[in-house]
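Scroll down for the structure; my scribbles are underneath it.
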Protein chains: 2
Amino acid sequence: MSDWREFEQNPVSHSAAHHLTTIQWLLDDQGYARVSDVARHLGITRGSVSVTLKGLRQRGLVVEDDHKHLSLSEQGVQIARGIRTKRILIQALFREVLGVPDEVAEQDACKVEHLISDQTAEATGGFLVGLEKISSDSQWTHLLESLQRLAAATPTSFPGNETQELALRLEKKDPQGEDQPS
Amino acid sequence: MSDWREFEQNPVSHSAAHHLTTIQWLLDDQGYARVSDVARHLGITRGSVSVTLKGLRQRGLVVEDDHKHLSLSEQGVQIARGIRTKRILIQALFREVLGVPDEVAEQDACKVEHLISDQTAEATGGFLVGLEKISSDSQWTHLLESLQRLAAATPTSFPGNETQELALRLEKKDPQGEDQPS
DNA sequence: TCGACAAGTTTGGTAACCCAAACATGTTGA
DNA sequence: TCAACATGTTTGGGTTACCAAACTTGTCGA
């Protein structure tokens, strides 16, 4: 059984991921990042941020200069950029392919950004790049729009009839009646 | 700023989600589910499962009969089925649309199954149903296969050049230089 | 009948996270 | 210069979720 707790053994936790991306965002946005800025942005207390960042500093992901100004180490930048990129890709996948409203797409992407494997993220990127390349072909865009309309039409709540039926078909087709409830 | 901690305020936690879906899976598979079975399946101790299930019983999601056999309440079934359906849909999206290997698709789906909104899940279902309907169109399947090849081709590690460039384009196009690092 | 083993529970510990509140520091305007 | 305010840290508490280990039950075979 593939360990369902890979969740926890991620390089960075959900919380840490947000601390890192927030620092990067603040640096991009206002040129500096302090504990208070991070706290305000995440909606948590300065104390919590102080403690969390102490850990991230010890892990060598965050650096503090003489003036209590935060920045990311090379490794921290790498991690933050990776997560940010994943969020953007997943969000685009949900929004531009599935036709999910941007706000929802962003919320969902935010929740899963740090959990998606590199492989799936890269595949998402490849798919979107491919879509972009053929976007000049009106035939395909027309098809895609039809699919999006189908996808985005959510008259009933989840799971709708068709969706449920599809899931059942998928479940049976896939002979996973072996193991893995997860 | 949309609360980035929606993560935590889910109806059921990641852990609870797995307990519920495991019970359902065990019932389907072997006709019964006991604390030990759940523990073995999740790879955690009986003690942990015992404690967690006590909570889920109090919340009315899990029921225990006279013989220590577990089952799900109506509400529990509903939640478990919802999560299971989401996993199947997400897994299919990754595998059949993005062309991600099934094993990776399953792992990723498992990690995010309980985090995806109903709306996005329903859109995924709608999209897949639509795909199924036009799957007889050889022109379309041809295109999809091309896209999948593009998507699945991961010669370089994440993020590849094209993917990174796309992400940058998406980032700039989207005027989110307002708020939300998440 | 009784010992052994499987199954379930309880208890004490740990590790992430979060908060509130007290505290230390540093800057700044009157 | 000094009170006021912003900033950062520390401390004590709470929650979730895990473990190990001790304990209780229940069943089954010799």
Side-chain angles (χ1 to χ4, degrees), chain A residues 1 3-23 26 30-59 61-71 79 110-111 114-115 182, chain B residues 1 3-23 26 30-59 61-71 79 110-111 114-115 182:
Chain A
M1 164 174 52
D3 189 353
W4 66 278
R5 280 168 304 167
E6 270 180 58
F7 180 69
E8 275 92 10
Q9 50 187 245
N10 262 352
V12 306
S13 67
H14 183 70
S15 169
H18 276 280
H19 280 74
L20 294 179
T21 55
T22 295
I23 290 174
L26 286 167
Q30 62 182 21
Y32 64 91
R34 298 165 306 170
V35 168
S36 290
D37 301 314
V38 175
R40 186 163 30 248
H41 232 280
L42 292 179
I44 62 181
T45 65
R46 299 193 304 272
S48 297
V49 172
S50 181
V51 172
T52 299
L53 290 186
K54 185 160 62 178
L56 293 178
R57 240 177 303 153
Q58 282 166 358
R59 288 171 58 187
L61 302 181
V62 170
V63 182
E64 195 182 79
D65 72 8
D66 340 334
H67 301 10
K68 299 277 187 185
H69 279 196
L70 305 163
S71 58
I79 293 177
C110 168
K111 285 188 257 183
H114 66 296
L115 296 172
S182 30
Chain B
M1 163 172 54
D3 189 353
W4 66 278
R5 280 169 303 167
E6 270 181 59
F7 180 68
E8 275 93 9
Q9 52 187 237
N10 261 351
V12 305
S13 66
H14 182 69
S15 170
H18 276 280
H19 280 73
L20 294 179
T21 56
T22 295
I23 290 173
L26 287 168
Q30 61 180 21
Y32 64 93
R34 298 164 305 172
V35 167
S36 291
D37 301 314
V38 175
R40 189 166 26 250
H41 232 280
L42 292 179
I44 62 182
T45 64
R46 298 192 305 271
S48 298
V49 172
S50 181
V51 171
T52 300
L53 290 187
K54 184 160 62 181
L56 293 179
R57 241 177 305 154
Q58 281 166 0
R59 287 171 59 187
L61 302 181
V62 171
V63 183
E64 195 182 78
D65 71 8
D66 340 334
H67 302 11
K68 300 279 187 183
H69 279 197
L70 305 164
S71 58
I79 293 177
C110 169
K111 285 187 260 185
H114 66 298
L115 297 172
S182 31

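Here the structure is a predicted model, which is why all the values come from computation and not from measurement. Lettering follows sequence order; numbering is per chain, from 1.
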Taking [atom1] from [X] and [atom2] from [N], how many angstroms apart are they, rounded to a whole number?
X	N	atom1	atom2	result
A:His67	D:dG8	NE2	C1'	16 Å
A:Ile44	D:dT7	CD1	P	16 Å
A:His69	D:dA6	NE2	P	17 Å
B:Gln58	D:dT16	CD	P	11 Å
B:Arg40	C:dA6	CZ	C1'	10 Å
A:Leu53	C:dC17	CG	C1'	13 Å
B:His19	C:dG8	NE2	P	13 Å
A:Glu64	D:dT7	CD	C1'	12 Å

Nucleotide nearest [X] (side chain, heavy atoms from C-beta), chosen from [options]:
X	options	value
B:Lys54	D:dT10, C:dC18, C:dT10	C:dT10
A:Ser50	C:dT9, D:dT7, D:dT9	D:dT9
B:Arg34	C:dC18, C:dA7, D:dT9	C:dA7
B:Arg57	D:dA17, D:dT9, C:dT9	C:dT9
A:Ser48	C:dT9, C:dC19, C:dC17	C:dC19

* Donor-acceptor contact present, side-chain A:Ser50 to main-chain A:Arg46, <3.5 Å -> no
* For B:Arg46 and for B:Thr52, find the nucleotide of DNA chain D with the closest heavy atom, then tell me which residue's nucleotide is more 5'. => B:Thr52
* To do: Check step by step if side chain to side chain contact (heavy atoms under 4.5 Å, CB included) holds for A:Thr52 and A:Ile44.
  => CA-CA 11 Å; A:Thr52 299; A:Ile44 62 181; 5.8 Å; no
So, is [X] close to the [N] phosphate, meaning a side-chain N or O under 4.0 Å from OP1 or OP2?
X	N	value
B:Ser36	C:dA6	no
B:Lys68	C:dT9	yes
B:Ser13	D:dA17	yes

* Structure fact -> In terms of heavy-atom contacts, A:His19 and A:Val38 come closest through CD2-CG1, 4.1 Å
* side chain to side chain contact (heavy atoms under 4.5 Å, CB included) between B:Thr21 and B:His114, worked out -> CA-CA 11 Å; B:Thr21 56; B:His114 66 298; over 6 Å; no
* Asked: For the residue pair A:Tyr32 and A:His69, does the interplanar ring angle fall in the parallel (under 30°), tilted (30 to 60°) or perpendicular (over 60°) class?
  -> parallel
